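What follows is one structure encoded as structure tokens, with my remarks underneath.
Note that this is a predicted model, so its numbers are computed, not measured. FYI, side chains are in, hydrogens and waters are out, and symmetry mates aren't considered; it's all heavy atoms of this structure.
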Amino acid sequence: MRLVHLILVATLALVAILAAPLPAGAVEAVRVTPDASAIDLTPAIERYRSEGDEIRISTAPGRDGIVRRIAVKAREAGTRPEWIVFALTNDTDEQIERLLVAPHFRLVGSGVVWPDLGSSRVVAITASEGFRPEPEATTDADVFTITLDPGTTITFVAELRTPNVPQLYLWEGDAYREKVNGLTLYRGIIIGIAGLLALFLTIIFVVKGALIFPAAAALAWAVLAYACIDFGFFQRVFPVNEAAERIYRAAAEAVLAATLLVFLFAYLNLNRWHVRYSHVTAFWLLFLAALVGLAVIDPPVASGVARISIAAVAGIGFVLVMHLATHGYDRAVMLIPTWLLLIAWVAAAGFTVTGQLATDLVSPALIGGLVLIVMLIGFTVMQHAFSGGAFAQGHMTDAERRALALSGAGDVVFDWDLVSDRVFVGPEVEQQLGLKRGTLEGSASEWLDHIHPFDRDRYRTSLDAVIEQRRGRICQDFRLRSASGPYHWLRLKARPMVGTDGEVIRIVGTVADVTEAKTAEERLLQDAVHDNLTGLPNRQLFGDRLEAALALAGGDESIRPTVIVLDLDRFNQVNESVGLSAGDSILLTLSRRVGRLLRPQDTLARVSGDQFAVVLLSEREPDRVLAFADMIRRTIATPITYADREISLTASIGLTLHDAGAGARGEEFLRQAELAMAHAKRQGGDRIEVFRPTMRSDRDERLTLESDLRRALDRGEVKVLFQPIVRLEDRTIAGFETQLRWDHPRLGRLAPAAFLPLAEETGLIVNLGIYALERAGQELAAWQAALDVEPPIFATVNVSSRQLLRHDLLQEVKTVLARSGVLPGSLKLEFAESLVMENPEYAAQMLLRLRDLGAGLSLDDFGTGYSSLNYLQRFPFDTIKIDQSFVRQIGNGRRPAILRSIVKLAQDLGMEVVAEGAESESDAIELYQLGCEYAEGVLFGEPLSPLQARQLMGAAPEAA
């Protein structure tokens, strides 16, 4: 028995050990250097699968050699996700920022059987220290911005959405964007060529109705569809989810296999050789059609079968082509080069999907090769489309072929006879430039007169070089002046012709118009460094000019650049109220206003949505710089007229003086100004702040506080308190004002002023407001159930600007009123006067709908804003709260004269009046004598917990 007992205990211990989340061992860190544009992290990652929704990781050793332990929770509780872990080391003395890229789909290594058709790979990434990796919005990859502080080793734990991560790269931002832009251009060219081929073959099909032409056209369209899906063009035009994308990818591969089979059957005319060929082809096509349907149910299976089918068609087709070619079938002979290229393409694709070819360029190259195959098929089909005559019979001379090729290319002949010094160019150029016939014919010097002055030396040098060396080729772009004045870009491709004496006697070639290509190139360069809306320099060009200014300042003490960053306050509300087009018009107006304040040596740029930056070189002294910044602030504050309405804006301005940013690089210089601007915005906006080093610590503290606030509700740290509101006539409790307090685990209890502005800025105020509304409704329902008094007890809840702008506020209030069952009008929503007057028309509509739902409405801080009496009559408020600044006594114990007027106005409008800030008995008596019905303040007690409020409500009748 004892032996059995020991075995049972050991078994239970083993089960407990196996059930616990296994801690992962320490990972090896990858060194990241500033000069490395891309690092392949795929070999360095370690993969884990946790038994629960948590994984415990031993971090890579830091600089001190200590291995630490971290625990990471999955985003969804109760799940058992796959994880990858890797570590990065920054042993330099500067901060490094990189992009972590995990592509959704890679043809490389995707597999043949049950291939990986792509998916979002990474759900979230957790860093052991430092900045949290921030996701970037992309459609074809999971991209996260990773920041490595100097001298740190950081371990990253990534929660995976799928078990497979085909590739994980760490990119330098500019290098990644250059790669993406390069691939985008290449993909656009390939898609354009494929589209033209498909359209061209379709036109031939319309002209020539034989079966071979629709088969070739169908194959071209299938290749175009496959390229569009693989390059992501289709997903951008028709946004689809990941599941649908896999279906389309598998279906495209099945259709590609089917159209390839149809083309082989139609081109070789297999039905003329044996009836069984038709039967096999028909059965195969039915199978592939069913495969397209299978793609909807199980895309990986359909894709795997389609890939095997493409390889089978290529192999069987090669055997058929070679067999028929040996029997003298002309069509098979002409198809040999194309089919050999197809075999090579299938082999390369096989090596790619099995992972033996693993470069990033192989997938785009395969699509380009597929388009090339279709192009060769098109040329082959052309021979049948235009059969007849010398062209079909192959009786053309070499000169005739060259002439036809030149005509087909659309180029113009260029010939310079050096012996007679006479230039000949085809009449097409003269027609295009609007010149008279023979204008461009003459001596070389006369030809040079028509070339742009900036291009003449380069053109002359290239010609002299080939004449002197007696060999070589010319490929030169230059501009020719048209009859109307503008210049056209032309490209000369030519080579020298050497005579029997070894000297150059002619230079012969072609001239082509490349004006459109040059214009597109210039437009791309312009768009790359300028803002599309305002035409101002963008952040990249601004950074280059700032670096240049700092470099000049290093060698010349008279140059002292200042960076000014300005951000419009509450511009999102302007967009929501007047529309995005109006917002763009306002940004354009403001950019022109500020631009008129600058001098030629200064630079104004738009660095983000409503954020502008200035490199100021025209002012050196700090006082004059501050005066200039204030001039910008006042310029922006000037109202803008749009659609018969005036829109007033303010700006938060931060600046970095040259002395304060001494030694900093351009990006750091700009970041300092942005930090000062953010500090100005936190202070309420419409102000100017100069960067101080202490702002960095303020920012860190603010980020920590924001992170804590995001978890405060879940942790139960936010408390709802109730400030008593007393009826002055009999001193009974009439209601309560709902207030929030945050019991911070480190800072203690925080007042609303310490965290509500942060919550308003980050959007967390919405969740806090819903929480306060729900708790107030629950408590109010309990009070009204316990006390049957008339008028009923009421409670007020403050509503923020973000809540008022959300249409969800109506549904939230309706839900709270329905769940709590409070009496109509007793749960009052409290709006600040300045809030409703920001957009009075919208506010009036929202307030009317809230009143119809059964909510009471209270106007807070009345008298401190700029209310129009006309609007005040239109707003359906039932209560006015007088700000405590009007209640406090001024000199000689007197109260502001406006207090009596406010009370009288409220009575005339049929509204109840609540006075804030009653601190003494004399305050309460005088307020009652003025006709004020309710008051709140320290005289009647501090804010109470829900339990204390219930106890007070039970004692209220006896006290009365």
Side-chain angles (χ1 to χ4, degrees), residues 719-741 751-752 772-799 816-817 820-831 854-862 877-884 886-887 903 906-907 910-960:
K719 308 298 182 185
V720 177
L721 303 183
F722 298 93
Q723 174 78 40
I725 299 176
V726 173
R727 186 178 292 105
L728 293 177
E729 180 181 2
D730 53 8
R731 301 298 177 91
T732 58
I733 301 299
F736 292 90
E737 179 184 356
T738 304
Q739 297 185 4
L740 295 178
R741 297 291 188 272
L773 189 64
E774 290 176 346
R775 290 302 308 274
Q778 294 172 4
E779 292 299 322
L780 181 59
W783 299 334
Q784 292 176 353
L787 296 174
D788 186 12
V789 296
E790 188 65 32
I793 299 295
F794 64 85
T796 64
V797 181
N798 283 283
V799 176
V816 170
L817 293 175
S820 61
V822 298
L823 296 175
S826 59
L827 182 59
K828 298 179 181 291
L829 304 181
E830 197 168 287
F831 299 87
L857 300 174
S858 176
L859 181 62
D860 193 16
D861 299 333
F862 181 74
F877 290 108
D878 51 58
T879 303
I880 288 180
K881 296 189 75 172
I882 303 176
D883 188 71
Q884 58 184 355
F886 298 109
V887 177
V903 174
Q907 292 174 345
M911 301 180 184
E912 297 176 341
V913 180
V914 179
E916 297 178 322
E919 299 178 351
S920 63
E921 186 65 28
S922 61
D923 291 342
I925 295 174
E926 190 168 351
L927 287 171
Y928 177 68
Q929 291 174 349
L930 289 174
C932 186
E933 301 170 75
Y934 306 99
E936 62 175 290
V938 296
L939 174 64
F940 306 112
E942 298 292 337
L944 307 174
S945 67
L947 179 60
Q948 292 171 333
R950 292 189 182 188
Q951 294 173 350
L952 180 62
M953 293 297 298
E958 297 179 6

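- Heavy atoms only, all atoms of each residue included: G917 and D923 are closest at O-OD2, 4.3 Å.
- Look at E912 and R727 and you find no salt bridge, because none of the NZ, NE, NH1 or NH2 atoms lies under 4.0 Å from a carboxylate O.
- For L859 against F877, the heavy-atom pair with the smallest separation is N-CD2, 3.6 Å.
- When every heavy atom of A915 is checked against every heavy atom of L927, the shortest pair comes out as CB-CD1, 3.7 Å.
- With values rounded to the nearest 0.5 angstrom, L857 atom CG is found 10.5 Å from L827 atom CG.
- Residues L740 and V720 form a side-chain contact, since some pair of their non-hydrogen atoms from C-beta on lies under 4.5 Å apart.
- Looking at heavy atoms from C-beta onward, P724 lies in side-chain contact with L944 at the 4.5 angstrom threshold.
- In this structure, OH on Y934 lies 5.5 Å from CZ on F794, to the nearest 0.5 angstrom.
- Under the side chain to side chain contact (heavy atoms under 4.5 Å, CB included) rule, V914 has a single partner from T879, D860, L728, which is T879.
- Summarising the geometry of V797 relative to A776, their closest heavy-atom pair is CG2-CB, 3.5 Å, with the distance given to 0.1 Å.
- Across G777 and V816, no two heavy atoms sit closer than the pair CA-CG1, 4.4 Å.
- Side-chain contact between K828 and D878 is present, with heavy atoms from C-beta onward closer than 4.5 Å.
- Between Q739 and N798 the shortest side-chain heavy-atom distance does not fall below 4.5 Å.
- Relative ring orientation between F722 and W783 is described as perpendicular, the plane-to-plane angle rising above 60° on a 0-90° scale split at 30° and 60°.
- To the nearest 0.5 Å, atom OG of residue S820 and atom CD of residue E779 are 11.5 Å apart.
- Atom OG1 of T732 and atom CD1 of I793 lie 7.5 Å apart (nearest 0.5 Å).
- A pairwise comparison of heavy atoms in A918 and F940 identifies CB-CE1, 4.0 Å as the closest pair.
- Of the inter-residue distances, the one linking E916 atom CD with I725 atom CD1 reads 8.5 Å to the nearest 0.5 angstrom.
- Side-chain contact between R775 and P946 is present, with heavy atoms from C-beta onward closer than 4.5 Å.
- Proximity of a side-chain donor or acceptor of Q723 to a complementary backbone N or O of G941 within less than 3.5 Å is detected.
- Taking OG1 from T738 and CG from L773, the interatomic distance works out to 8.5 Å, rounded to the nearest 0.5 Å.
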